[in-house]
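Reviewing the structure listed below.
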Amino acid sequence: MFGLLLCLPSFLSVVVLNIFPFLWVIYIAFTDVNLYKGTITFTGLENFLSVAHSEDFLSSVWLTVEYSAYVVVGASVIGLLIALVLNNEFRGRSVVRSLLVIPWAIPWIVNGFLWSWILDANFGLVNGILFQVGLINGYIVFFSPELALPLTALAAAWIQSSFTGLMCLSGLQAIPHDMYDSADVDGADVLQKFRHITFPWIRPTWGMATLVNAIVGLTMFDLIFIMTKGGPGTSTLLLPFLVFRQFFIALKIGEGAALSLMLTLLVLSVSLFYMILLYRRARFYR
Amino acid sequence: MRANGRGRNLRVLNYLGVVLVCLWLLLPFYWLAATSFMRLPDLASVPPQYIPLSPTLSNYFQIIVGGTFFEKGLSQGSVEIRSILPTLANSIIVGLGLVAYTLLLACPAGYAYSRYRFPGSNLTFFMLLTLRAVPLMAMVIPFFIIFRILNLINTYLGLILAQSVLTIPFAVWIFRDYVDAIPRDMEEAALIDGASRLGAFYRVLLPLSRPGITAIAVFCFITSWGEFLFALILTNGLTLPPVLAGFQASNQVAWTQLAAASCFAMIPPIALILLFQKYLVRGLAGGALKA
């Protein structure tokens with residue numbers, strides 16, 4: 001009972017601030033809200049139907065999944081490579097490891113500015129370098145309909161690679177050294193050691209980091225808001241930004257709520273699917 | 001000893017990797033910092049000034065003092081900038097408020113989940129963690145409507161309450177892990193010596209779990225400092241992120257000033273992270289916090 005008492009304040013806070021609003025959003029999704037008149041009328045499935053029939057919705061779901069895949073591939077692969085490199089002995093290792101934390105610490109929107117500048121069409125660093133080297137004849141627009149999505153994903157992958165690297169590095173440091181010693185005795189080469197010792201060992205950590213990367217991709221709003229505002233056209237109109245647009249710009253409250261529920265469903269099902277996958281594999285290998 | 005050719009190759013390869021990692025991590029920062037010391041015409045020069053040729057502190061001066069500034073290279077000729085200092089103060093107030101609110105609520109709960117079994121303890125703990133999987137975009141809608149009714153829009157309290165959604169589940173989880181690692185004997189000894197259960201928690205456990213508390217506090221502050229969506233929608237540019245976004249949205253983008261402001265915005269989280277690094281890496285396992 002004492003335990004219950006200690007939990008009560010935080011639980012009340014969570015009920016009031018998480019559960020109640022979430023139930024409210026479910027309710028709103030089935031209604032038509034008029035902010036000016038202050039009326040809420042029940043409309044059943046209407047919001048969901050109009051969302052499902054709208055052109056932007058399906059393409060947006062697909063773009064969101066695609067974006068998330070880019071982030072996962074970029075962040076999880078680069079992050080793992082970073083961790084492998086930094087796990088070896090070299091001079092100044094502790095300094096470089098401290099550097100690894102830094103991208104993770106900066107605000108997302110600053111990250112958005114950072115990459116907007118680097119890739120800017122008028123004064124961007126990348127354009128400048130390519131022009132000077134002679135690879136291009138004039139500055140090019142990187143945020144084009146074809147490239148905007150992978151490039152906004154690059155910005156996300158930059159931060160998440162730092163996060164993945166940190167997690168994997170702490171996983172790598174827990175590997176007992178005598179495992180490698182006995183592999184040396186057996187004459188294993190670097191790749192074999194990676195395949196049979198290193199990777200199986202850090203796979204759970206890496207897997208969790210990958211899940212986080214996927215969720216970051218599925219729910220990304222800040223970078224899109226700063227870098228492209230969903231454009232050009234609808235080429236980076238991800239689901240969270242679509243919710244924002246419907247709710248706060250078009251003021252279609254009910255539709256926004258219905259969309260946000262679908263986003264929630266998408267995130268939950270990806271997480272669930274992934275957890276099952278991870279759990280099964282882990283059991284299989286142990 | 002015979003020189004091992006392949007070993008040396010590997011070492012060279014690894015150094016190459018380290019250089020690449022450093023470039024990947026630092027180059028974007030470098031360009032941001034360099035931009036913040038440039039004037040607008042320098043920024044547009046071809047080839048780019050990899051090192052600012054005539055570095056200036058005027059961007060920093062302008063965002064601190066605020067006012068209308070005339071500058072070459074701007075199509076409209078002048079740019080209006082509000083001083084960033086009040087916003088910095090607001091960001092600090094909200095950040096500290098969130099730290100206090102989270103610690104006050106999450107520490108007792110984390111302790112209880114570690115030490116006691118009570119009806120619903122597993123269920124509520126599980127619920128706490130799954131709730132965090134609900135995207136912020138879904139949470140901000142009800143907050144917006146409810147806060148309008150309760151007049152909490154654009155208040156410190158409103159923003160702190162909203163942001164606590166991000167921190168409390170995580171903090172409870174982390175704190176439970178820290179308490180799990182502290183042996184029960186210490187509290188039991190205190191109980192035998194006549195301390196109350198609350199006293200044992202307060203006098204014995206809290207001091208022992210200081211690293212965990214530090215980690216949670218730093219996480220909360222950094223989360224609040226960088227949190228954009230709630231601050232954008234539930235306030236009228238109260239904290240730094242929406243104000244920075246506003247810089248960019250204004251008709252004449254003051255790029256170099258924005259770079260200086262961005263550098264300002266990066267300093268506190270980076271300083272905190274580097275200062276408290278050893279406490280944090282373990283807490284990162286809870287990871288989704290910043291997402």
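Just so we're on the same page: letters track the sequence lines, and every chain starts at 1.
Counting heavy-atom pairs under 4.5 Å between each of B:L274, B:I233, B:L161 and chain A puts B:I233 at the top. If you tally non-hydrogen atom pairs under 4.5 Å between each of A:L125, A:V25, A:N88 and chain B, the highest count goes to A:L125. Put simply, of A:V110, A:L17, A:L239, A:V16, the one with the most heavy-atom pairs under 4.5 Å next to chain B is A:L17. Contact count versus chain A (heavy atoms, under 4.5 Å) is highest, among B:I270, B:L105, B:T102, for B:L105. When each of B:S262, B:A265, B:G17, B:P268 is checked for heavy-atom pairs under 4.5 Å with chain A, B:S262 comes out on top. For chain B, the option among A:F20, A:F244, A:F131, A:F241 with the highest count of heavy-atom pairs below 4.5 Å is A:F244. Annotation: maximal heavy-atom pairing with chain B below 4.5 Å, among A:V243, A:N18, A:L99, occurs at A:N18. Put simply, of B:C263, B:P269, B:G110, the one with the most heavy-atom pairs under 4.5 Å next to chain A is B:P269. Chain B forms the most heavy-atom pairs under 4.5 Å with one residue out of A:S98, A:G128, A:G256, and that residue is A:S98.
Shortest non-hydrogen contact noted between B:I222 and A:A105 is CG2-O, 4.0 Å. Nearest heavy-atom pair across A:S13 and B:I168 is OG-CD1, 3.8 Å.
Residues B:F228 and A:W108 fail the side-chain proximity criterion, which asks for heavy atoms closer than 4.5 Å.
No more than 12 heavy atoms of other residues, nucleotides or ligands sit less than 6.0 Å from atom CD1 of B:I51.
For chain B, the nearby part of A:W115 is the side chain; its heavy atoms alone come within less than 4.5 Å. The contact between B:I141 and chain A is made by backbone and side chain atoms together, counting heavy-atom distances below 4.5 Å. Heavy-atom distances place the side chain of B:L232, and not its backbone, under 4.5 Å from chain A. For A:I226, the parts lying near chain B are the backbone and the side chain together; criterion is any non-hydrogen pair under 4.5 Å. Neither the backbone nor the side chain of A:Y27 comes within less than 4.5 Å of any heavy atom of chain B. Interface residue B:S164: only side-chain heavy atoms are found under 4.5 Å from chain A. Only the side chain of A:I28 comes within less than 4.5 Å of a heavy atom in chain B; its backbone stays farther off. Proximity to chain B involves both the backbone and the side chain of A:I129, based on heavy atoms less than 4.5 angstrom apart. Residue contact with chain B, scored on non-hydrogen atoms closer than 4.5 Å, involves the backbone and the side chain of A:L100 alike. If you measure heavy-atom distances from A:W24 to chain B, the contacts under 4.5 Å come from the side chain alone. Looking at A:S271, there are no atoms closer than 4.5 Å to chain B (heavy atoms on both sides), in backbone or side chain. Interface remark: A:I109 contributes side-chain atoms only to the contact with chain B (heavy atom separation under 4.5 Å).
Here CD1 of B:I273 is found 11.5 Å from CD1 of A:I106. Values are rounded to the nearest 0.5 Å. The CE atom of B:M137 lies 4.5 Å from the CZ atom of A:F221; values are rounded to the nearest 0.5 Å.
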Show me the donor-acceptor pairs, under 3.5 Å and distance only, between side chains in residues 24-34 of chain B and residues at least two apart or in other chains.
from: B:W24; atom 1: NE1; to: A:S161; atom 2: OG; distance (Å): 3.0
from: B:Y30; atom 1: OH; to: B:Y50; atom 2: O; distance (Å): 2.6

Check the pair A:W117 / B:L258 against side chain to side chain contact (heavy atoms under 4.5 Å, CB included), numbers first and verdict last. CA-CA 11 Å; A:W117 282 318; B:L258 180 52; 4.1 Å; yes
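The side-chain contact (heavy atoms from CB on, under 4.5 Å) test applied to A:F90 returns A:L86, A:R93, A:V96, B:N14, B:Y15, B:V18, not counting sequence neighbours.
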